[in-house]
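Reminder, nothing fancy here: chain letters follow the sequence lines and each chain counts from 1.
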Amino acid sequence: MQRSKIKEILTQKKPDDEVLVQGWVKTRRSSKSVTFVQITDGSTLQDLQIVVDETNPGHDAAATLTTGCSVSVQGVLVESPGQGQKFEIQANTLTVLGESDPDSYPLQKKRHSPEFLREIAHLRPRTNTFGAMARVRNSLAYAIHTFFQERGFQFIQTPIITASDAEGAGSMFQVTTLNLNDVPKDNGAVKHEDDFFGRPTFLTVSGQLEAEIFAMALSDVYTFGPTFRAENSNTSRHLAEFWMVEPEVAFCQLDGLSELAEDFLKRLCSHVLANCLEDMEFFNKWYDNSTISTLDSIANSQFERLTYTEAVDLLKKSSQTFEYPVDWGIDLQSEHERYLTETMIQRPVIVTDYPKDIKAFYMRLNDDGETVRAMDVLVPRIGEIIGGSQREERREILEGRMNESGISHDEYSWYLDLRSYGTVPHSGFGLGFERTVQFITGVSNIRDVIPFPRTPKSAEF
RNA sequence: UCCCCGAUAGCUCAGCGGUAGAGCGGUCGGCUGUUAACCGAUAGGUCGUAGGUUCGAAUCCUACUCGGGGAGCCA
């Protein structure tokens, strides 16, 4: 007999159907005459109740089941006379596949703190929260690909190991096969020629520059993969290894890009509501009781658009006092961004045209010579969820900006080449996948929205 | 990296100078078509680590480690 997933059983099977179901025990309640076993198989948030009568030869085994055991059950689907579930399985046979010693099994049939669950990352996928998390992540990843695929974007796989060490996005992890206990040296300096690639190499901080190469040939492309930052960041919204989505669009200026970003975020919100409502209701109940209404309103509302200069004016005019005063020329602080999106505007805000001195060298210089065509999308609770820009497509101006930033023309000659041979206006942004999952689920710590978080001093599992 | 807070039973926490506590979970027994079931009994702790103050430290002080909140860096 073929196994059915619990989700299938609840949606496609009818009373009196005979089914084979396999999963893990959440909890068990027994008496002399009957035992109830609640099992889950991860296909849905809902547990399935198995009823084992005392006359069943498997009753003794069922009565000793504990949380975490794995079982295989053949039985008949019936409408449940009890409260709390529509259907249940009247077991014919129940086989214990794997025991789970209750003295040492850390998961209990009660709520655990996210901090504790992080310490047992190999078992936390079995919890309601993490099962829901995995399904929402999966659904979001699917929505990301379909959004771009439907619009004719090509999915490009950019390298994870890179030799560019000055992409302006923070410190990088070095990749080496040199023996660190006995590094080959030449006059005191490390002999990088002896290293695997014959030169220093690093884990990528962004696929953007490589994506630009393909945008200059295929027009509309995107990347979606792991990204690494060796920053000593200890916050609830930073990881050393995270996933990032980076579309790069040729023949597109900043206003086109911000439209794309807005459509994209709206699509992610509505997709999750349409496909993971049960899991979202769980997050709404236990983590943030405004998350569903927020997603709803985002899917149906207009994002606010402000220039940096307008944002600074607005903040200055507000009666709010900030720890860091607002002034034109300094970057917006977290408190400013959050006040803008959470209090003043109360929905996502796209801030554009930042002073050039606080943004990366590749962003297109405006005619005022002072600002660049940068774009940050700010959302309540998280702050910056998307950072992007129109890229500088004029070679001379790009070279000037590289000089100002101390970036080697030699090392980026290929990047400059794109501006010499058929350059076109183009734009792109980066969306932090885990920050998006945080925003959507309402789970406050980024370590609890990724299966195996990597943070400073922590790389277990 | 900086500021603030925390670390006591498997988990969540109380105790804050004078003999280590509760709830949940575990174990044993009872009971019931049960729903984080219920009732009774029971086991379980070098009070994060290392120093110091004191007649006496879980409790006060110092350092370190780890965790949380905030900041910076950013996605």
Side-chain angles (χ1 to χ4, degrees), chain A residues 26-38 46-54 63-64 66-68 78 80-85 88 90 100-120 127-128 167-171 205-208 224 226-246 261 322-324 330-338 358-360 376-379 382-388 429-439 444-450 455-458 460:
Chain A
K26 269 270 172 60
T27 172
R28 185 215 74 217
R29 298 173 288 274
S30 352
S31 66
K32 256 185 224 150
S33 57
V34 64
T35 284
F36 300 94
V37 186
Q38 207 103 24
Q46 293 179 64
D47 300 334
L48 186 61
Q49 175 161 287
I50 312 292
V51 185
V52 189
D53 286 325
E54 129 184 79
T64 58
T66 53
T67 307
V78 296
S80 177
Q83 300 287 304
Q85 63 281 314
E88 63 189 22
Q90 274 292 344
S100 175
D101 182 1
D103 279 335
S104 55
Y105 188 63
L107 288 175
Q108 302 172 1
K109 48 186 174 192
K110 66 162 193 170
R111 200 187 159 275
H112 286 293
S113 69
E115 293 83 15
F116 173 66
L117 291 176
R118 254 174 250 158
E119 293 171 12
I120 49 167
T127 62
N128 287 337
E167 290 174 25
S171 27
V205 293
S206 162
Q208 177 201 321
F224 181 20
T227 308
F228 307 87
R229 304 277 163 92
E231 237 100 57
N232 192 6
S233 297
N234 295 287
T235 81
S236 57
R237 26 175 231 293
H238 286 88
L239 290 166
E241 175 183 289
F242 63 99
W243 284 59
M244 186 152 67
V245 182
E246 296 180 287
F322 296 106
E323 193 183 341
Y324 295 90
I330 61 161
D331 207 357
L332 296 177
Q333 305 287 314
S334 285
E335 55 172 342
H336 305 143
E337 294 181 342
R338 293 188 60 168
I358 58 174
K359 289 293 181 183
D376 282 358
V377 181
L378 313 177
V379 296
I382 308 295
E384 185 181 343
I385 197 169
I386 284 179
F429 64 75
L431 168 108
F433 185 59
E434 281 73 23
R435 283 194 187 171
T436 306
V437 180
Q438 267 188 287
F439 175 63
S444 57
N445 196 309
I446 201 165
R447 288 154 215 199
D448 302 322
V449 305
I450 187 167
T455 54
K457 299 279 183 293
S458 170
E460 270 212 77

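Applying the salt bridge (Lys or Arg N to Asp or Glu O under 4.0 Å) criterion to A:E434, with sequence neighbours excluded, gives A:R137. With sequence neighbours excluded, the residues that form a side chain to side chain donor-acceptor pair (under 3.5 Å) with A:Q85 are A:S80. Here A:R28 pairs with nothing under the salt bridge (Lys or Arg N to Asp or Glu O under 4.0 Å) rule; sequence neighbours left out. A:D448 meets the salt bridge (Lys or Arg N to Asp or Glu O under 4.0 Å) test with A:R118, A:R124; sequence neighbours excluded. Listed by chain and residue number, A:R29, A:E88 satisfy the side chain to side chain donor-acceptor pair (under 3.5 Å) test with A:Q49 (two or more places apart in sequence, or in another chain). In terms of the side chain to side chain donor-acceptor pair (under 3.5 Å) criterion, A:Q438 has no residue partners (sequence neighbours excluded). With sequence neighbours left out, the side-chain contact (heavy atoms from CB on, under 4.5 Å) criterion links A:N128 to A:K26, A:L45, A:F282.
Nucleotides B:G25 and B:U1 place their P atoms 41 Å apart, quoted to the nearest Å. For B:G72 and B:C11, the C1' atoms lie 35 Å apart once the distance is rounded to whole Å. One C1' atom belongs to B:U19, the other to B:A57, and the distance between them is 14 Å to the nearest Å. B:A63 and B:A14 are spaced 24 Å apart, taking the P atom of each and rounding to whole Å. Separating the P atom of B:C28 from that of B:G15 is a span of 34 Å, rounded to the nearest Å. Using atom C1' as the reference point in both B:G21 and B:C31, the two lie 30 Å apart (nearest Å). A distance of about 13 Å separates the P atoms of B:G10 and B:G48, rounded to the whole Å. Nucleotides B:C60 and B:C3 place their C1' atoms 23 Å apart, quoted to the nearest Å.
Considering only side-chain N and O atoms, A:S113 lies under 4.0 angstrom from the phosphate OP1 or OP2 of B:U12. Between A:S236 and the phosphate of B:G70, there is a side-chain N or O to OP1/OP2 separation shorter than 4.0 Å. Taking 4.0 angstrom as the limit, A:T227 places none of its side-chain polar atoms (N or O) nearer than this to OP1 or OP2 of B:A75.
Remark: ring of A:F242 stacked against base of B:A75; centroid gap under 5.5 Å, plane tilt under 30°.
A 3.5 Å limit on both hydrogen-bonding distances identifies B:A71 as the Watson-Crick or G-U partner of B:U1. Across all strands shown, B:U62 is found opposite B:A50 as a Watson-Crick or G-U wobble partner, with both distances under 3.5 Å. Taking a pair to require two hydrogen-bonding distances under 3.5 Å in either a Watson-Crick or a G-U wobble arrangement, B:G18 pairs with B:C55.
If you take CG of A:L378 and C1' of B:C74, they are 13 Å apart, rounded to a whole angstrom. The distance between atom CZ of A:R229 and atom P of B:G72, rounded to the nearest whole Å, is 16 Å. A:D103 places its CG atom 11 Å from the C1' atom of B:G25, with the value rounded to the nearest Å. Whole-Å rounding puts the A:E384 CD to B:G72 P distance at 12 Å. The CD1 atom of A:I330 sits 15 Å away from the P atom of B:A71 (whole-angstrom rounding). Regarding A:H112, its NE2 atom lies at a distance of 14 Å from the P atom of B:G10, rounded to whole Å. When rounded to the nearest whole Å, the span between CD of A:E115 and P of B:C66 equals 16 Å. In this structure, CZ of A:F322 is placed 17 Å from P of B:G70, rounded to the nearest angstrom.
A:F433 comes within 4.0 angstrom of no nucleic acid atom, judged by non-hydrogen atoms across all strands. Counting non-hydrogen atoms under 4.0 angstrom, A:L239 reaches a base of the nucleic acid.
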For this session: Could you encode protein contacts along nucleotides 28-37 of chain B as a string, one character per nucleotide from 5' to 3', using B for base contact, S for sugar-phosphate-only contact and - for no contact, with a heavy-atom cut-off of under 4.0 Å?
Result: ---BBBBBBB
Look for any protein N or O under 3.5 Å of an N or O in nucleotides 2-5 of chain B and output each such pair with its distance, or none.
none

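Side chain of A:T35 to backbone of A:V52: no donor-acceptor contact under 3.5 angstrom is found.
We find the CG-OG1 distance between A:D101 and A:T66 to be 7.5 Å, quoted to the nearest 0.5 Å.
When side chains are defined from C-beta on, A:F36 counts as touching A:V51, because their heavy atoms get closer than 4.5 Å.
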For this session: Decide side-chain hydrogen bond (donor to acceptor under 3.5 Å, both in side chains) for A:E54 and A:S33; before the verdict, give the C-alpha distance in whole Å, the side-chain angles of both, and the deciding distance to 0.1 Å.
Result: CA-CA 5 Å; A:E54 129 184 79; A:S33 57; 5.2 Å; no
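Along RNA chain B, the nucleotide closest to A:A240 and the one closest to A:R338 are compared, and the more 5′ of them pairs with A:R338. Closest-nucleotide positions on RNA chain B for A:Q108 and A:T67 were compared, and the one nearer the 5' end corresponds to A:Q108.
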